[in-house]
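Below is one structure; the comments refer to it alone.
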2 protein chains.
Amino acid sequence: MNNKTAARKSLPGHSRPPIAGTTIHAIVEATRTLLATQGYEALSMREVAAGAGITPPAIYRHFPNKDALIDFVVNDTLREFELHLLRAIAPLPVGSYERLLALGSAYIRVATEHEAQFKILFTRIRNRPRKLADFPGQWGYQVLRQCVVEAIDAGILREMDPDLASFFFWSRVHGIVMLLLACDFSDTLPPEIGDLTAENLFAATRDFVVSGLKAGP
Amino acid sequence: MNNKTAARKSLPGHSRPPIAGTTIHAIVEATRTLLATQGYEALSMREVAAGAGITPPAIYRHFPNKDALIDFVVNDTLREFELHLLRAIAPLPVGSYERLLALGSAYIRVATEHEAQFKILFTRIRNRPRKLADFPGQWGYQVLRQCVVEAIDAGILREMDPDLASFFFWSRVHGIVMLLLACDFSDTLPPEIGDLTAENLFAATRDFVVSGLKAGP
DNA sequence: AACTTATAGTTAACATCGTTAACACTCGGG
DNA sequence: CCCGAGTGTTAACGATGTTAACTATAAGTT
């Protein structure tokens, strides 16, 4: 009857959890799950608490407020994101065009898998745009830039400013993902593209970027 | 003392307003203003009501709920948006490259001026992506497509599927705008670009799209 | 001109949300 | 053995979107 865990569930006022960091982990995990299943607008501290097996005010022992909790979760995903990018290019030859394609695909994959967290980056208005350097792992920018530099050096890409080119690549993939999150093109685009996934549209417009759009000479 | 407008402000239970549609207009205008000044997350029905000179429940005589009110305002902006596009290309020659550039600039201008409303299109999670046809004025798509077709016919752009090309143009501009809303590149991109506005970055990366990125033959 | 009714306001209240205050249990270290 | 830090609890506050119940006016009907 006086089972410890039962006491931990039912009595007011608890001890520290058996393993340090357990509760924080549960809170973060519950937040992640709720973001993925119900989205940002539906995320409430009470649901997070329920998911973590505690009461709402207990969250505030670990995070100063809701924003900080969400920031933590999103930053965590951004850190993983850089690892995804690195893993995507690892097996491919340095300086290759394939590396750039792989980065685009990895970006699309993570963005669509973590749609809610991805949207949060653009939703939070209170803070003017964050400096790129303030994003964990610089949001993968250095990985992209490195691949661009190597591709230019290898003669795969023409000579150009690597930062400007990196921005260009990034904004291109980003635009496809964001546009598809808002708008359904299924009755608009030609059926031979197949499913209108970001991945497919990235592939279908690839040659536009490689060869350019101006009419040939 | 028994002034009518004074009575209208102080007594419980009012008549219809002197001119039909006046209150709706006041509500919409208050919403628009608050969105622009304080953003989406800070928008409350009570503030809207105060801005419109009524009490909160009165809003519900004209809009079923907050979402519908915001939808109305955003859709209104989208309708104006198409007019902006048409006005931007009107003075330029049919089939010209300049028309495509003007569309990009107009998109950027409206998106940055109505940042909050623009974000809303991507934030509202509850509704899966809306069909393009459901956006007022198809979000300007037909205007863009028309210009793309004319540019292809004029031999300015190479032969390609006009819908795919339109999607490509759109996603490109859209990506620049959205990326800059989230991230500040000021310590990253080369200073010769000038202010890191979407407009400037659109211009700076223009040649990448026109001529392509592959190393020249 | 008087009565009726739809319209468009009001006040009061509800549930839910993020958050804080006050309190309580438990563990580790003096 | 106590005691303070850590971590949980319950109760409550103010703000939010929204509804219920009521009311005054304007327009339409007889």
Side-chain angles (χ1 to χ4, degrees), chain A residues 2-28 30-31 34-35 38-73 120 124 126, chain B residues 2-28 30-31 34-35 38-73 120 124 126:
Chain A
N2 248 349
N3 184 311
K4 266 185 192 174
T5 60
R8 215 176 157 263
K9 281 284 171 195
S10 61
L11 287 182
H14 283 339
S15 73
R16 19 189 89 166
I19 302 157
T22 289
T23 306
I24 289 184
H25 187 259
I27 293 170
V28 169
T31 306
L34 287 171
L35 274 180
Q38 289 161 252
Y40 170 60
E41 308 224 323
L43 182 77
S44 81
M45 295 299 264
R46 282 170 169 85
E47 274 186 283
V48 169
I54 54 178
T55 55
I59 299 176
Y60 292 81
R61 297 289 170 198
H62 305 280
F63 299 93
N65 53 44
K66 189 183 182 183
D67 271 351
L69 168 59
I70 292 178
D71 273 350
F72 183 90
V73 171
I120 288 172
R124 309 283 273 293
R126 51 174 224 293
Chain B
N2 248 349
N3 184 310
K4 268 184 191 174
T5 61
R8 217 179 157 261
K9 281 283 171 195
S10 59
L11 286 182
H14 283 340
S15 73
R16 18 190 91 164
I19 304 158
T22 289
T23 305
I24 288 185
H25 187 258
I27 292 170
V28 169
T31 306
L34 286 170
L35 274 181
Q38 288 160 252
Y40 170 60
E41 308 224 323
L43 183 77
S44 82
M45 296 299 264
R46 282 168 170 85
E47 273 186 284
V48 169
I54 55 177
T55 54
I59 299 175
Y60 292 82
R61 296 289 168 195
H62 305 280
F63 299 93
N65 52 44
K66 188 183 183 182
D67 271 350
L69 169 58
I70 292 177
D71 274 350
F72 183 89
V73 171
I120 289 172
R124 309 282 275 292
R126 50 173 225 293

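Chain naming here is simple, since letters A, B, ... match the order of the sequence lines and numbering starts at 1 in each.
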How many Å lie between CD1 on A/Ile59 and C1' on D/dT9, as a whole number?
14 Å
Taking D/dT19, C/dT19, D/dT16 as options, the one with an atom nearest any side-chain atom of B/Ser44 is D/dT16
Can you confirm whether A/Phe63 sits close enough to A/Ile24 that some side-chain heavy atom of one is under 4.5 Å from a side-chain heavy atom of the other?
yes
Of the listed nucleotides D/dG17, C/dA22, D/dA11, the one nearest the side chain of A/Pro57:
D/dA11
Atom NZ of B/Lys66 to atom P of C/dT16: distance rounded to whole Å?
18 Å
From CG of A/Leu69 across to C1' of C/dC17 the rounded distance in Å is 15 Å
A/Arg61 CZ - C/dC23 P separation (whole Å)
13 Å
OG1 on A/Thr31 to CG on A/Leu69, rounded to 0.5 Å
4.0 Å
Base, sugar-phosphate alone, or nothing: which one does B/Ile24 contact when heavy atoms must sit under 4.0 Å apart?
nothing
Base, sugar-phosphate, or nothing for A/Leu43, non-hydrogen atoms under 4.0 angstrom?
sugar-phosphate
Among D/dG17, C/dT19, D/dT9, the nucleotide that comes nearest once only the side chain of A/Ile54 is considered
D/dT9
A/Met45 side chain, from C-beta outward: closest of D/dG17, C/dT19, C/dG9
C/dT19
Starting at CZ of B/Phe63 and ending at P of D/dG17, how long is that distance when rounded to a whole Å?
15 Å
Starting from C1' on C/dT19, measure out to CD1 on A/Ile70 and report it in whole angstrom.
14 Å
Looking only at the side chain of B/His62 (C-beta and beyond, no hydrogens), which of the listed nucleotides D/dT9, D/dG17, C/dG9 gets closest?
C/dG9
Within the structure provided, determine whether A/Leu35 and A/Ile120 are in side-chain contact (heavy-atom separation under 4.5 Å).
yes
Has A/Thr55 got a side-chain N or O lying under 4.0 Å from the OP1 or OP2 atom of D/dG8?
no
Proximity to the side chain of A/Asn65 - top-ranked nucleotide from C/dT10, C/dT19, D/dG17
C/dT19
Could one point to a donor on the side chain of A/Arg46 or the base of C/dG18 with an acceptor on the other under 3.5 Å away?
yes
Quick one: are B/Leu43 and B/Gln38 in side-chain contact, heavy atoms under 4.5 Å?
no
Taking the minimum atom-to-atom distance to the side chain of A/Tyr60, which one of C/dC23, D/dT19, C/dG18 wins?
C/dG18
Tell me: NE2 of A/His25 to P of D/dT7, nearest whole Å?
17 Å
Please report, rounded to the nearest Å, how far the P atom of D/dT7 is from the CD1 atom of A/Ile27.
10 Å
Does the side chain of A/Ile59 reach to within under 4.5 Å of the side chain of A/Thr23, using non-hydrogen atoms?
no
